[in-house]
Structures are given as structure tokens and as C-alpha cells.
2 protein chains.
Amino acid sequence: MAKTTLISPHGSPTLKILLLEGKERDDELKRAEKLPKLVMSSRETGDLIMMGIGGFTPLEGFMGYDDWKGVCQDMKMKNGLFWPIPVTLSNNEKINQGTELCLISGETNEIMGTMKVTESYKIDKEFECKNVFKTNDPEHPGVKMVMEQKEWNIAGPVKVLSESYFPTDFKGIYQRPAESRKIFMERGWKTIAALQLRNPMHRSHEYLAKIAIEVSDGLYIHQLVGQLKPGDIPADVRVKCIDKLVELYFDKSRVLQGGYPLDMRYAGPREALLHALFRQNFGCTHMIIGRDHAGVGNYYGPFDAQEIFFQLWDGALECKMLPIDWTFWCYKCGGMASMKTCPHAKEDRLFLSGTALRKSLSEGGDVAVEFSRKEVLEVLREYYASLTEKVEIKMHGHATGDADTKRK
Amino acid sequence: MAKTTLISPHGSPTLKILLLEGKERDDELKRAEKLPKLVMSSRETGDLIMMGIGGFTPLEGFMGYDDWKGVCQDMKMKNGLFWPIPVTLSNNEKINQGTELCLISGETNEIMGTMKVTESYKIDKEFECKNVFKTNDPEHPGVKMVMEQKEWNIAGPVKVLSESYFPTDFKGIYQRPAESRKIFMERGWKTIAALQLRNPMHRSHEYLAKIAIEVSDGLYIHQLVGQLKPGDIPADVRVKCIDKLVELYFDKSRVLQGGYPLDMRYAGPREALLHALFRQNFGCTHMIIGRDHAGVGNYYGPFDAQEIFFQLWDGALECKMLPIDWTFWCYKCGGMASMKTCPHAKEDRLFLSGTALRKSLSEGGDVAVEFSRKEVLEVLREYYASLTEKVEIKMHGHATGDADTKRK
């Protein structure tokens, strides 16, 4: 068999890996301990790890002003490279050019990396939000994140010293691009579709996934294991749901599961593009884009995230979109279908809002097997039951809030 | 909206249409009546009509020796153009170069076209069959057709004067490439998958079709309305089945139905390539290739017709394959699935052989709705009932045989 050639990383023939290992890492760590410290937000830490493992190839560090502005405005870096969302680091004050910094995770207090400052600049946050999120509404969780950034952006190349808790907490799921690429090569896959997941996988996601498998060599189920907004299902529960589903309803030889360390930005269309970009770095040729991809609330039209792919210039992005319409079970079709394939009426289709589903699951009500596999529902019921216990404990004054959304 | 640009025809920026119309046709017809006659087989007549309407763009007539040999051996015409199956015309004797001929349909006795002879040559039929059909077995219906050809092949450019009974007998289904292209343009479709059909459409075909719709702008259900082997379901019954299915189970805005005048050659892999080639002329970007495409008996491996696409040289064929695995209903999946997406056991899957289906339908037995839509089964039951009546009449000495497979 001919040797498989995978898709090249974004804008580079090889992965740009900024993570040090072995002695190099030990030496840099010793050096870092003596440097002035900059404490990063959870989002910044996730971005740093992605740069470390090559997920954000070919970035070499946090973006400077020209890159920030070009990315916000035209999705184009100073050197002409396509990039859809700023990757920036903020600080309360300006830092002199040439200063070396020790980068600390605000979440775990761990030393995550070092950085040599090339530039400090102030940004127009409204401008960033308007361009990236299409809204300035402070209720938007991505906008909120930007508005909470500190006053100065600090740019410069980074060395990465840790992947934090991801390799241990998400053992077997968390994966570096070099690892997914190695497995794709070994399996001889040429066309690989990525499925972005930040929710438990119900039958509608399963349908997207299976369409992708029907038309590709393999599927990369790639879960976000970074932070979500409060109230979303935490990563460990989602991992359990997807494990069950893959075990019982997929041909495992056609599927690879992986997890990546980013926080959700909820930037809808722009984030869909980022999703495709870094999936290319993980070795994927296609990115599944369904309804309201990476959206939140009603900020984006249901298919804005598909439309934006058509607006890119030629050669901007090699990883192609696999757009799929709104999917559901249709009783008249007698199967899963989408708005493109089902001609029947609304009444013939099974729709279940997130709210209705949560109510059913937490109150022990029935959920149609056409909506979700019973084995997945079991995992979710267990999770909701544990939440109720926590809420009950809390009502008796023994616990602090938010136990469901914070990592252990 | 931007103007849609469709895929170019094969090897040509525009369709090569050899069909004359209006006064030009009338004049040529008058001239033809006085020319020496050559009577064509059904296959040759179908090929001629395809050249007439541009379905075989860029061919200008029946192939000469060099083209015949290159096509058999390397799927390459003398000028380097990809072509997978010889398009030839045969005669009992050699005909002088420069002779003009009137081409007659052996089926209807109608004048179909004229031809200016450029070459007469003998062929090694065994060589053709070995290369094109991968077998010399005279039981193979395509081999049989070649072996029954007359001794000499006559080559030369043609003018086409009729589409025979296709436009009237298959009104609303029979379509020229210019017509399908016009509709694709009007609908603004960019990616169009063709579904080849020569059988009634059961749920497995519906599943192929719907996967294609999920990942394309539109589906071209393109039926063979030429001749099949005895015992197959005739075209008018198949058209009725597909009409029902599209009416009740498809979003009609995503589907176009069409019919083409060729006879089946049952050449498996080579015919799959021809199917993709002429679908490109009809405006399609993708050709669905399922299990045992264009096969018969056990002459081809179930996925030989997919494999052959990977063996083509770069640029040979613009219309791409959309390969889909063996599909079926799986009771454990609770839906349609394929060998790629279903991990369950054989016993969990619904398989029904053609023989078992025919038995059920003709004896009034039940057929699972997971195998075929009840409205499609009704059409087939009606057809089998009419066959039984004919057989009964025949047994009383009032009818001739084969009433089920000959055209009315």
C-alpha cells in the first residue's frame, strides 16, 4: 500500500511545536522560576498549551498589534496568513520589550511557560468583539471574556513547559496533533472528518458523525476538554457518554476520539473557522459544521457558521467544511433525517429542547430512544442525580455553589 | 447571488451535440433515405443517441481501431483522453472509406442518423472482453453482447437524427444533458451527486441518495431507460416506484429525476467509470458508487467499482466518486447503516435477496417496511400481479413470452 500523506499543518509543512521536553524543559523551568510572573486566564492558558503541542501551528507566541488588528478585521495576519480569532495575552500594565516572563496558570498556579516580550499594546475591545463575536453584548460569554481581559496586550514568542492537568485528568482522550496524525497514518486514512463536541452526543450528533464516516475514511471525535460556560455538562461526563456511544454504536476502527484543551469562546462562525484550522493541524481534511456551530443564545443565524466558509479567499484554509443541515428523527421517514432530506411536517419530527431534556433527566422522566441512546441517557441521569444530591447538601448548608461546573 | 458555474463536460468546454434539429434535420433525413443502410443493435442505438444529445461528449462518432485498442487496454483514447469502454458499431462486411451510411435502429426500424465511414477494422473480441469485462464467459450479458457483434467494426463521425421512442415513452424522465444542466443552473446547485438506478429504489438506495443529499447541493436520480437483461424490472415500473418514493420521502427541491437511453453492459468497474464520465456531461460533480455497481452475477468483487477510481491518472476524470459501503437496516442501530457505520452482528441486520423479495411480492407475502417503503412495494406487487396474469394467459395459449421485459 502506498504511504499515506496527511494534510499539511496550517501555513507550515510541519507542526510548530513550542513545548519543551526532557532536559531542555527542566533547564527552562529552573530559569522560569526566577523570572517575573504573569498570571494567565483559563482561556490564555488553553491557547498557550495549544501553541505548545502544535495545535495552533504556525503561531510562535501571543499576537502583536498588527496581527491582532488584521485578524479582527480581515481574518488575516500581517504576513497574509489566514487566522480567524485573536490569540492574545493580557496584563494590567505595559511590559518593556525584551523582558522575559514566567507564565502562570491562574487556575492551577502552575508554571506553564516563558515568554520574551516584543510588544505591549492597548486594544479597542469593542472593535475586537464587534468583529469577532458580531456583538458587544456583555451577556455574551465570549464578549464577557474579552471585556474582562486586562488593559494591555503583551506579545511575544513563547516556550511552553506544561500541558497542565489535561494529560492526567483526560488520560486516553487528551491528544497532541502529532499523536492523532500518527494514528491516522497507521490506519491509512486519507480523508478524515472532525466532529467538534462540547455536549453529550445524542442521536442527531451520531447522525452527523455517521454521515461523515459514510463519506470519509475515518472520523475524529474531537472533544473540548477546556472550560465551558456555567451550566454546561462537564467534560468528564461528556467523555463517558461518548465512550458508551462509540463502544455500542460505532465501528471503532473508523473512529478516533480525542480531546483538546481550549475554552469555548462561543464566537459562532469565527470559531467554526478556528475549529477547522486547528483540526487541520490535528490531521483532518474536513470539519463537520452543523446547525449553530459554536454558537450561544441567538447571536448567530443557524447557518452563519457554514456561510462564512464560502467567504474565505482561495487557499485561506485547506481543511474543508462538511456542512450538515439541522438533523432530527422523523417518524414518517422512519429514521434520522435533516431539513435537506425530510419532506415531512414539523409534527412528524422529534425535537427536544435542552431545557426539556434536562427536566426529563433530572426528574426521571422518559426520553425517546429516537432522541438519545438509552446507554447515554443512563450516564446523564446519573450525573443529574449527583447534582441533585449536591443541591440538597447545599440547601442544608454544607456545600458551596457551582460544584457541577467547576473542575474537580 | 453569484452565477453558478457547472462542471465542464468531459474533455471539452462545451457539450458536443451531434443531434440535428429543424430544417437541418429534415434535409439530412431526406439525404439519409437514399444512403446504404446499416442496422444497429439496441446497444449501438443507445450509444448513438447519447452521442446525439452530448451525453458522450467529446466523441464525434463510433471509434476507430486505435481508440478501440487504447480504450480496451489503457482506458485512453489515441489523443490521450480518458474513456473506459469502447463505443463501436459493427457490420457483417467491410465498408469502403468515404462511404456515407444511413443508420437504422434494429429495434424500431427507424432512421437514427448518418455516418461517414473513415475506417473498417476487425477486432479481437476476446481481448476486448478480457479487458473491459474481466471475463470471457459467454454467460456474462455484456460479453454475450460483444460476442454477438458482427465481424467488422465501422468507424466514423455521425450525425444523429432521432432520439427514438425515449422522449415520448419516458416523457418527463428522459433528459438531455443540456436540460439537466439548465435546471442545475436555475437551482443554483454547485455540487451535484448522481445516483445510477436500474432497479426499483428500496431503502438502501434511499439511504445512499440521502447521504449524497446531506453532503451536496442536490441529487440527480438518473435512471437507465434503455434495455436490461431479461427478468429485470422494466423501466416504466421503476419510474413509477421512484416517482412514489420521491413524492413521499424526499424534499423535491433537492432532487432531479432523469433518464438516459443506454443499455446496461454489466461491465462493473469499467461501467462505473463510464457512468461517472457521462454524468459529468449531464452536469454532475459526483457519482455515487455503492456495492457491486453495474455488476452482474459474481464476476466482480463488491467494491471493485470503487477501487478502479483510485487507479486513474491525475486529471483523467473530473467527476469524482462518492463511494458508499454496503447499506442495510440494522435493528440494533435503529436505522439505516452501512458496514462502515454499524458495529453489530449479521443477525441484527435486515438483508433480503432479490429472489426472496420477488417471491414475497409475487406470492403476496409481507416485506419489512425497513427494507422498502410500502408505497413502493404496492407498485411492485401490482407489476408482479400483472405478470402472473400474463403467464396465466400464456398458459392458455393466448400470448407470447417475455412480455415483462420487452418494451410495449
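The analysis underlying the following values was restricted to heavy atoms, covering all of them including side chains, and did not include hydrogens, waters or symmetry mates. Below, chains carry the letters A, B, ... as their sequence lines are ordered, and counting in each starts from 1.
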Chain A heavy atoms under 4.5 Å from [X]: which part of the residue, side chain, backbone, both or neither?
X        : value
B/Leu219 : neither
B/Tyr249 : both
B/Ala337 : backbone
B/Ile213 : both
B/Thr191 : neither

Salt bridge present between B/Lys182 and B/Glu186 (N-O < 4.0 angstrom): yes
Worked check of side chain to side chain contact (heavy atoms under 4.5 Å, CB included) between B/Trp326 and B/Ser338: CA-CA 5 Å; B/Trp326 194 359; B/Ser338 83; 5.9 Å; no
Max heavy-atom pair count under 4.5 Å with chain A, selected residue of [options]:
options                                : value
B/Pro323, B/Ser253, B/Ser216, B/Gly335 : B/Ser216
B/Pro343, B/Gly334, B/Ala209           : B/Pro343
B/Lys340, B/Met336, B/His344           : B/Lys340

Within 6.0 angstrom of B/Lys332 NZ, more than 12 heavy atoms from elsewhere: no
CD (B/Glu382) with more than 12 external heavy atoms under 6.0 Å: no
Nearest heavy atoms of B/Cys319 and B/Met287, plus distance in Å: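 Of all heavy-atom pairs spanning B/Cys319 and B/Met287, the closest is SG-N, 3.9 Å.
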Out of [options], return the one with the most heavy atom pairs under 4.5 angstrom to chain B.
options                                : result
A/Lys252, A/Glu206, A/Met339, A/Lys210 : A/Lys210
A/Leu248, A/Thr327, A/Leu208, A/Ile324 : A/Leu248
A/Asp251, A/Leu322, A/Val369           : A/Asp251

Parallel, tilted or perpendicular: rings of B/Trp189 and B/Phe184 (30°, 60°):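 Parallel: the ring planes of B/Phe184 and B/Trp189 meet at under 30°.
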Parallel, tilted or perpendicular: rings of A/Phe82 and A/Trp313 (30°, 60°): perpendicular
Evaluation steps, side-chain hydrogen bond (donor to acceptor under 3.5 Å, both in side chains), between B/Gln257 and B/Tyr220: CA-CA 6 Å; B/Gln257 288 190 70; B/Tyr220 190 39; over 6 Å; no
